[in-house]
Protein chains: 2
Amino acid sequence: MNAPQLTKNQALVFEVLEKADGPLSAYTILDKLRDHGFRAPLQVYRALEKLLEYGVVHRLESINSFVVCAHPNENCHSHGTVAFAICESCGHVMEFHDHEVDHRLMDWTRGKKFKAEKTTIEIRGLCETCAA
Amino acid sequence: MNAPQLTKNQALVFEVLEKADGPLSAYTILDKLRDHGFRAPLQVYRALEKLLEYGVVHRLESINSFVVCAHPNENCHSHGTVAFAICESCGHVMEFHDHEVDHRLMDWTRGKKFKAEKTTIEIRGLCETCAA
DNA sequence: TCAATTGCGTAATGCTATAACGTGTGCGAT
DNA sequence: ATCGCACACGTTATAGCATTACGCAATTGA
Ligand SMILES: [Zn+2]
Ligand SMILES: [Zn+2]
Ligand SMILES: [Zn+2]
Ligand SMILES: [Zn+2]
């Protein structure tokens, strides 16, 4: 899905995520936007819903947080599942694709006649810097 | 990790999950155990913590729920990541392994010098029955 | 005996997400 | 024009998920 012009709230939420150097929870975003008039969680969640729909933000299921897409230009999400490596020490996230993984999982779902809608791949651990 | 003798609470939680035909949330488990003396979420969470540690229960990150391991005998978790296919209609879960996927992800983490601790692979969609 | 560990019970709190209500605005169809 | 509709927005309340903090009892092992 291509992102149309963002509304004011959507743009504010996106900016906060863009400036952050790691994933943020919805409530952290809310706190960062109180000065801009945000008062309630729903203002954040509604904006996130759209940003997710447009594919410019990803949700990290394993840590209930949100992060900007690392591949804003390539339309990477149209050709496979996105995977994430999340450092549990510094919070840094790496987003990547692996077609071979996609194909293996697709093979499995085809074999089981399972109709996949949304696939989550998240690796939690320590990044190179933090593991040293 | 091998499971030692379960305590009373652990056994109760395990039984509830075993009898269920799909994943359950911690609070659903709590409700099912009120007749057995459970009063507080912590009684469930503490039991789950141990059951997860013993590897006899899995946590489904994308739906905040818990399910018994589908491979109680094989010590499957020692030889790779567990993946799940979760039907969003009937709630059924299929647990599987794919060494090729494991190897691809391990190759990636090695390449990035990322020290993986816990990997989540969850496919949400419709099972064969529900997709028909 | 003493200390450390583990499990348990309870209350309180915190974090995450949605439901339900109403408002206003833009825009095409009648 | 004005009606109907879609959409974004604001607010309050509530639902759902998880942990902190405190204290007690039983077990273990030096
Ligand atoms: Zn992306
Ligand atoms: Zn790190
Ligand atoms: Zn298992
Ligand atoms: Zn199904």
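Letters A, B, ... mirror the listed sequences (proteins, then strands); counts begin at 1.
- If you walk DNA chain D from 5' to 3' and mark each nucleotide with an atom closer than 4.0 Å to a heavy atom of chain A, the marks span D:dA8 to D:dT12.
- In this structure, the nucleotide among C:dT10, C:dG9, C:dT18 sitting nearest to the side chain of B:Arg46 is C:dG9.
- When each of B:Gly37 and A:Arg59 is assigned the nucleotide of DNA chain C with its nearest heavy atom, B:Gly37 is the one assigned upstream, toward the 5' end.
- The only member of B:His58, B:His92, B:His97 that meets ring pair (Phe, Tyr, Trp, His ring centres under 6.0 Å) when paired with B:Phe84 is B:His58.
- For A:Leu42, counting side-chain heavy atoms from C-beta on, the closest listed nucleotide (C:dT10, C:dG7, C:dA19) is C:dA19.
- Between B:Asp107 and B:Arg104, no side-chain nitrogen of the basic residue sits less than 4.0 Å from a carboxylate oxygen of the acidic one, so the salt-bridge criterion is not met.
- Checking the phosphate oxygens (OP1, OP2) of C:dT16, a side-chain nitrogen or oxygen of A:Ser25 falls inside 4.0 Å.
- Distance CZ (B:Arg39) to C1' (C:dA12): 15 Å, rounded to an integer number of Å.
- For A:Glu49 and C:dT18, the CD to P distance is 8 Å, given to the nearest whole Å.
- In this entry the distance linking CG of A:Leu30 with P of C:dT18 reads 15 Å, nearest Å.
- At C:dG9, one or more side-chain N or O atoms of B:Gln43 fall inside 4.0 Å of OP1 or OP2 (strictly under the cut-off).
- A donor-acceptor pair under 3.5 Å links the side-chain atoms of B:Glu122 to the main chain of B:Glu61, judged by distance alone.
- Put simply, B:Ile63 and B:Met94 are part of two different groups of oily side chains (I, L, V, M, F, W, Y) that touch within less than 4.5 Å, one to the next.
- Checking the phosphate oxygens (OP1, OP2) of C:dA17, a side-chain nitrogen or oxygen of A:Asn64 falls inside 4.0 Å.
- In this structure, B:Lys8 places its NZ atom 12 Å from C1' of C:dG9, rounding to the nearest Å.
- Rounded to whole angstrom, the span from the CG atom of B:Leu51 across to the P atom of C:dG7 amounts to 11 Å.
- Between the P atom of C:dT16 and the CD1 atom of A:Ile29 lies a distance of 11 Å, rounded to the nearest Å.
- For the pair A:Lys50 and B:Pro41, nearest-nucleotide mapping onto DNA chain D gives the more 5' position to A:Lys50.
- The two atoms that bring A:Pro41 and A:Leu30 nearest to each other are N-CD2, 3.9 Å, heavy atoms only.
- Spacing between atom CZ of B:Phe38 and atom P of C:dG9 amounts to 7 Å, rounded to whole angstrom units.
- Ring geometry for B:Tyr45 against B:Tyr27 counts as perpendicular: the plane angle is over 60°, on a 0 to 90° scale with 30° as the lower cut.
- Between B:Asn9 atom CG and C:dT10 atom P there is a gap of 11 Å when expressed in whole angstrom units.
- A:Phe38 is listed as a side-chain neighbour of A:Leu12, based on a closest heavy-atom distance under 4.5 Å.
- For C:dC15, the base is not stacked against the aromatic ring of A:Tyr27, per a cut-off of 5.5 Å between centres and 30° between planes.
- Take the nearest nucleotide of DNA chain C for B:Ala40 and for A:Thr28: the residue whose nucleotide is more 5' is B:Ala40.
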